[in-house]
Amino acid sequence: MKQKKMLALTLSQLKQLYRHELPELTGIAARSGDAQTFKTYLSEYMAGHPQAESEAGKLIRLLIDYDGQKVHELSTDKQLPVSTLSLLYDFLTGKLEEYLETDLFIDLFRQFKRLQHPEHPLPGFQRVKAWSERWPSGLDEDVQQLRAYNKERILHALIQKIENRKNSASRFHFAEGISYEEKFRLVSEWWNDFRFHLAMAVKSPTELNRFLGNSLSVETMYLLSRARKKGMPFFATPYYLSLLNCTGSGYNDDSLRSYILYSPQLVETYGQIRAWEREDIVEAGKPNAAGWLLPDGHNIHRRYPEVAILIPDTMGRACGGLCASCQRMYDFQSKRLNFEFEELHPKESWDKKLRRLMTYFEEDAQLRDILITGGDALMSQNKTLRNILDAVYRMAVRKRKANQERPEGEKYAELQRIRLGSRLPAYLPMRINDELVDILREFKEKASTVGIRQFIIQTHFQTPLEVTPEAEEGIRKLLSAGWLITNQLVYNVAASRRGHTARLRQVLNKLGIICYYTFSVKGFEENNAVFTPNSRSIQEEQEEKAFGKLTKEDAHNLSVLLERTHDPAACIRRFTKAHRLPFLATDRNVLNLPAIGKSMTFKTVGITPEGKRILRFEHDGTRRHSPIIDSIGAVYIVESKSIAAYLRQLQAMGEDTEDYASIWNYTEGKTEPRFSLYEYPDFPFRITEKMSNLGLESC
């Protein structure tokens, strides 16, 4: 049966479908007196089934084994009863005590049908190519023409905004008596100054609608007004708003809108949002959920032995825009991150605090990788960023010098990698000015002499539409400083459409960016609207990303080339052409598990009454973890959305759900190996096995 028709079936119609298509299963239910007997008969049936050892057969046996159990759901920290097959029995025998959605029984129907048709053909390259070519980039001429029209409309709105501002002390103001043409010329010049966009950022629904040509619906305006009344921050720069298509024709901009327009679920839950990364909750003197002891405050976040995140008390606590699916929405809710720029300028105490934070890295036995983020690392002023990088350099020098006194096997890990996390190459590429490039280049030159080998801007392009001529120039400048750029994608619904991610990889690769992670959206209710089931992530990995896969040898050779090249863009273009690859599949599809780390190794062990899959995760066995892993065991996560609900959402966006027909078959996953470049280099000495700043006794 076609997907579209099945998704619209009622419960009674679905029951008839079971009787017609799965008579053996309905027969087992009919001769069972209760759910337990049904599971016993089903186990016997599966034991002799020719597909018993297939993926479908193993899944059904897992569903049998887990039915009637309770599992500890890690994200909510609650016990969750599993009743998948008991509900199926009640459904097939007419004993359901309450009305349920069809989604659970649609998923189960697909699983039992897999026993009849265990193989599914994979799409060919031409099919994937056709999917990816649907998605334009911001470098396409027709897209640029529409954006020129958008920009002109916004320039006129900016003139009106400046005229109505009372702050004449601002650097962006009009002298008295100048003509409208002169005002337009000035605003057009200021457009190229990133500070202008931050100063003129939209902070209210009414202003947003005006900048978008009054194109927002009444429903959207009501929702955004509710968000504002609840205290949700709102921040969108004129540059980013110019990327949206308000004409009603031309390119599809859902991937952009899903990042700046809030969903009803997000607005409803704002104020009660919990931290998904529970290791980010820090109490003085106590280890975090991953077992690490951290300095007081919220400046250092840590999950793994080798790497920790630094969030400075600077403008870096802000962003160039608030992403609707931001993993730090919890921190915006608690006001630790905000857009009050005047309050975020470094205080006199910051330099002293920075030295204390650097001491944490210096005196830790395993830390070798520092990720400076926020917020956004590049939101810090150049002077502030230079001071932070200088502090990192001095720390690396001290750590290296201290190692000279330590014997072999007792030496500490020295700093090898520094990363700056920033979405500004997409949100506000004008920020990448010559002074910033000089700071990055100078830091790399001196830091390379003290053992730091990897210098990475970790950015986040969500869609090819964000890759504009301005972004292209910003990327070129960053690469000219000798830093590599890697991309992290949040795999929300708009980004998960067939071919979209493949196209993004292709566009970014041509400019010299290599892809790092494709993240599943973390699953609390506030992100329900943008959540994509992990089965779609595995489907994309197996059916689309597969065409850019590298052999182990090719991955190693490419890593060596990228570490040595002065022109990553040319290097990648030559490599993809020589190996006939449409793009480089260097990213890993993962979900961030609370306190555990990134993984995509899971099995489906149940389905909730709402049709949401219950996944049993294991941690990523390809990397080191906090020793707390040894006491945690398997991790259970309930997805935010059923596959049927996801497909209906795609259908409403204009997608042909038949293109996604094989999604039901992906009931388990395995974490991909890391691209060679992302592995830590070997030290020329043996480091200690000791772990510092660990507080497992009191966890």
Side-chain angles (χ1 to χ4, degrees), residues 132-162 172 183-202 207-216 220 235-261 320-324 423-433 459-477 487 494-495 497 500 503-504 506-508 510-511 513 653-654:
S132 67
E133 288 177 346
R134 298 186 298 160
W135 307 113
S137 90
L139 299 174
D140 293 349
E141 187 175 339
D142 56 339
V143 173
Q144 291 186 55
Q145 287 176 352
L146 273 175
R147 287 182 172 169
Y149 169 80
N150 294 339
K151 177 181 174 182
E152 183 173 354
R153 183 192 65 251
I154 291 174
L155 288 174
H156 289 294
L158 286 167
I159 292 173
Q160 183 182 6
K161 181 172 182 174
I162 295 169
F172 305 112
K183 292 176 181 177
F184 191 86
R185 185 188 63 79
L186 281 172
V187 172
S188 298
E189 290 177 2
W190 292 336
W191 183 271
N192 299 316
D193 188 333
F194 75 94
R195 294 168 296 185
F196 177 69
H197 290 276
L198 294 176
M200 297 293 148
V202 168
E207 189 175 40
L208 172 69
N209 198 25
R210 185 166 64 250
F211 273 54
L212 295 179
N214 296 310
S215 60
L216 295 179
T220 298
F235 194 89
T237 63
Y239 165 78
Y240 199 76
L241 293 179
S242 75
L243 308 189
L244 273 65
N245 181 9
C246 307
T247 65
S249 62
Y251 61 88
N252 180 296
D253 67 354
D254 287 344
S255 54
L256 299 168
R257 290 177 181 263
S258 66
Y259 251 54
I260 66 169
L261 298 180
L322 181 57
C323 306
R423 183 156 154 72
L424 291 192
Y427 262 155
L428 198 56
M430 300 83 158
R431 165 65 182 99
I432 306 164
N433 55 27
T459 192
H460 173 190
F461 282 91
Q462 184 68 12
T463 167
L465 290 171
E466 292 175 335
V467 184
T468 63
E470 295 92 334
E472 180 181 31
E473 175 62 11
I475 291 165
R476 185 195 64 77
K477 286 183 175 180
N487 193 65
R497 290 173 290 179
H500 189 275
R503 177 69 171 139
L504 178 62
Q506 185 181 52
V507 171
L508 293 177
K510 286 183 178 179
L511 299 184
I513 297 179
M653 296 172 76

Could you check whether any side-chain N or O of [X] sits under 3.5 Å from a backbone N or O of [Y], counting only pairs where one atom can act as donor and the other as acceptor?
X    : Y    : answer
D142 : L146 : no
R503 : W135 : yes
N487 : F461 : yes
R431 : G474 : no
D253 : L243 : no

Are there more than 12 heavy atoms of other residues, nucleotides or ligands under 6.0 Å from atom CD of E189?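 Atom CD in E189 is crowded, with more than 12 foreign heavy atoms closer than 6.0 Å.
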Return yes when atom NZ of K477 has more than 12 non-hydrogen atoms of other residues, nucleotides or ligands closer than 6.0 Å, and no otherwise.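 Yes, enclosed.
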Any side-chain heavy-atom pair from [X] and [Y] closer than 4.5 angstrom?
X    : Y    : answer
K161 : F172 : no
F196 : V187 : yes
Q462 : S258 : no
I162 : L186 : no
E141 : Q145 : yes

If I compare all heavy atoms of [X] with all of [Y], which pair ends up nearest, and what's the gap?
X    : Y    : value
S215 : N209 : N-OD1, 3.2 Å
Y427 : G320 : CD1-C, 3.9 Å
V143 : P136 : CG2-CB, 3.9 Å
N433 : F194 : ND2-CE2, 3.9 Å
G138 : P469 : O-CD, 3.6 Å
M653 : D254 : CE-OD2, 3.6 Å

Any chance you could measure [X], atom [atom1], to [Y], atom [atom2], to the nearest 0.5 Å?
X    : Y    : atom1 : atom2 : value
Y239 : N150 : OH    : CG    : 12.0 Å
L139 : Q144 : CG    : CD    : 6.5 Å
D140 : T468 : CG    : OG1   : 12.0 Å
E473 : R476 : CD    : CZ    : 4.0 Å
L424 : Y240 : CG    : OH    : 12.0 Å
M200 : E207 : CE    : CD    : 9.5 Å

L256: which of L241, L261, N245, L465 passes side chain to side chain contact (heavy atoms under 4.5 Å, CB included):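 The side chain to side chain contact (heavy atoms under 4.5 Å, CB included) with L256 is passed solely by L465 among L241, L261, N245, L465.
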Using the side chain to side chain contact (heavy atoms under 4.5 Å, CB included) rule, pick out the option among F211, W191, Y149 that qualifies with S242.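 The option that passes is W191.
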What about the rings of W190 and H197, do their centers lie closer together than 6.0 Å?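 Between W190 and H197, the centre distance exceeds or equals 6.0 Å.
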Go through the steps for Y259 and T463 under the test side chain to side chain donor-acceptor pair (under 3.5 Å), then give the verdict. CA-CA 11 Å; Y259 251 54; T463 167; over 6 Å; no
Checking side chain to side chain donor-acceptor pair (under 3.5 Å) against N252, which of R497, H500, R134 comes through?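 Looking at R497, H500, R134, the match for N252 under the side chain to side chain donor-acceptor pair (under 3.5 Å) is R497.
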